[in-house]
Amino acid sequence: MDDVCDCYDNWGVGISMQSGDCSDRICPFELAWVDSPNENGKFHRYAECAGRGICNRGSGLCECFEGYEGEACHRTSCPNQCSGHGTCEYIEDMEFMAVYADYSQEDFRSDAKRMDYNWWDKTKTRGCVCDAQYTDIDCSKRMCPYGTDILADREDLLLEDKYHRQKIVFKPENGVLSTLTDKTFALTFVSRLNETFTTYPLVFDDPLDASAGLTDFANDIRLALLHLPNQVIDDCKVSAKLVAQSVEVLITFNGQAVQGPQNWIVVEDYECSSGCTPRITGLGLETIEGVPVGFSNITTFQGAVYNSYECGRRGKCDYNTGLCDCFEGYTGENCNTLTTLV
């Protein structure tokens with residue numbers, strides 16, 4: 001007998017955690033945020049309270065420093081808890097921009113692209129993902145309407161203003177267009193204020209009906225977009241045409257609220273049946289790049305000459321209300337209406 005205590009798990013004495021009289025609690029360990037390298041140059045070994053808190057030896061609980069939380073202070077806190085206008089997300093779950101087409105236009109996906117992130121802090125570092133109409137690092141500011149700068153310079157004033165135009169190509173996976181007839185799908189639009197709106201179900205009219213099929217199809221798409229809430233798309237033009245064994249739809253954003261560059265339209269082509277909204281059958285589309293019969297995609301057919309700035313660059317945003325305080329001589333929701341000439 002060496003008269004030394006053999007402590008139970010998570011008991012010891014002091015920072016050294018030696019046995020002693022086993023009167024102190026040991027706190028949880030996690031990957032250290034910052035530490036010295038070992039002989040192999042490796043960092044982020046396990047440390048008590050992850051090196052971002054003080055262990056309470058009486059309770060065995062970590063008392064985390066400001067900005068850190070969790071049982072072992074192993075994750076960051078989001079600033080101001082995202083002000084109640086967002087969610088606190090791990091870095092591995094952050095999305096790339098607004099919609100999937102910002103990453104690749106060669107496929108139809110409902111959710112924005114998530115990148116593979118496998119670094120040591122993937123389940124430790126977090127940040128705010130703001131709700132629609134809110135922004136800043138802590139989601140504390142209301143977003144103001146965007147609009148074109150009415151006095152923006154153009155290189156060639158003889159050229160007419162151009163609106164943003166997007167082209168959607170529907171290509172059936174088996175190359176037979178008639179298989180799409182009477183199938184249903186929907187379109188989703190994400191505004192500059194990060195609002196997400198999805199249309200009611202759209203019926204794919206018979207594209208081979210030369211008399212009315214494509215004309216009705218284009219009109220149906222336009223009406224569905226114009227019926228989105230809050231007049232988020234206050235005007236647009238839609239045309240459709242048959243190209244080989246595919247249907248090309250051209251959407252022109254020409255409303256006052258959508259003059260400049262807009263987010264990509266999202267094609268909801270998956271099956272969404274009982275209990276799903278909107279309820280759609282989905283479309284059997286080819287979305288694989290490089291196949292012999294082509295693939296469905298969305299592209300910019302024409303870039304916008306019109307621009308898109310907060311308050312039209314002719315006013316200041318009141319981040320408490322989300323309303324533009326227009327400079328003298330300008331008015332309108334986004335300050336893109338000139339009231340006087342100086």
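Everything quoted here is computed from the prediction, not taken from an experiment.
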Compute the centroid of each ring, for [X] and then for [Y], and state whether the two points are separated by less than 6.0 Å.
X: Tyr306; Y: Tyr163; result: yes
X: Tyr117; Y: Tyr90; result: no
X: Tyr68; Y: Trp33; result: yes

**Asked** Does CG in Asp6 sit with more than 12 non-hydrogen atoms of other residues, nucleotides or ligands closer than 6.0 Å?
**Response**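 Counting neighbours around CG of Asp6, 12 or fewer heavy atoms of other residues, nucleotides or ligands fall under 6.0 Å, so no.
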**Message:** Tell me whether Glu71 at atom CD has more than 12 heavy atoms from other residues, nucleotides or ligands lying less than 6.0 Å away.
**Reply:** no
**Message:** Once rounded to the nearest 0.5 Å, what's the spacing between atom CZ of Arg114 and atom CE of Met94?
**Reply:**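 It comes to 10.0 Å.
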Could you tell me whether the side chains of [X] and [Y] share a donor-acceptor contact shorter than 3.5 Å?
X: Thr252; Y: Asn254; value: no
X: Thr148; Y: Asn307; value: yes
X: Gln256; Y: Asp234; value: no

**Prompt:** Who pairs with Arg45 by salt bridge (charged side-chain N to carboxylate O under 4.0 Å, His left out), at least two apart in sequence or on another chain?
**Reply:**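 Arg45: salt bridge (charged side-chain N to carboxylate O under 4.0 Å, His left out) contacts with Asp35.
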**Message:** Can you confirm whether the thiol sulfurs of Cys64 and Cys73 sit closer than 2.5 Å?
**Reply:**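 Yes, because the SG atoms of Cys64 and Cys73 sit under 2.5 Å apart, which meets the disulfide cut-off.
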**Request:** Before giving the answer on side chain to side chain contact (heavy atoms under 4.5 Å, CB included), spell out for Arg314 and Leu151 the whole-Å C-alpha distance, their side-chain angles and the decisive distance to 0.1 Å.
**Result:** CA-CA 9 Å; Arg314 298 293 161 178; Leu151 294 185; 3.6 Å; yes
**Prompt:** Can you list the steps and then say if Phe108 with Ser296 is a side chain to side chain contact (heavy atoms under 4.5 Å, CB included)?
**Reply:** CA-CA 8 Å; Phe108 293 153; Ser296 301; 3.5 Å; yes
**Prompt:** Can Leu226 be reached from Leu187 by stepping across I, L, V, M, F, W or Y side chains whose heavy atoms are under 4.5 Å apart?
**Reply:** yes
**Request:** With sequence neighbours left out, write down each residue that passes ring pair (Phe, Tyr, Trp, His ring centres under 6.0 Å) with Tyr134, or none if nothing qualifies.
**Result:**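 Applying ring pair (Phe, Tyr, Trp, His ring centres under 6.0 Å) to Tyr134 gives His85.
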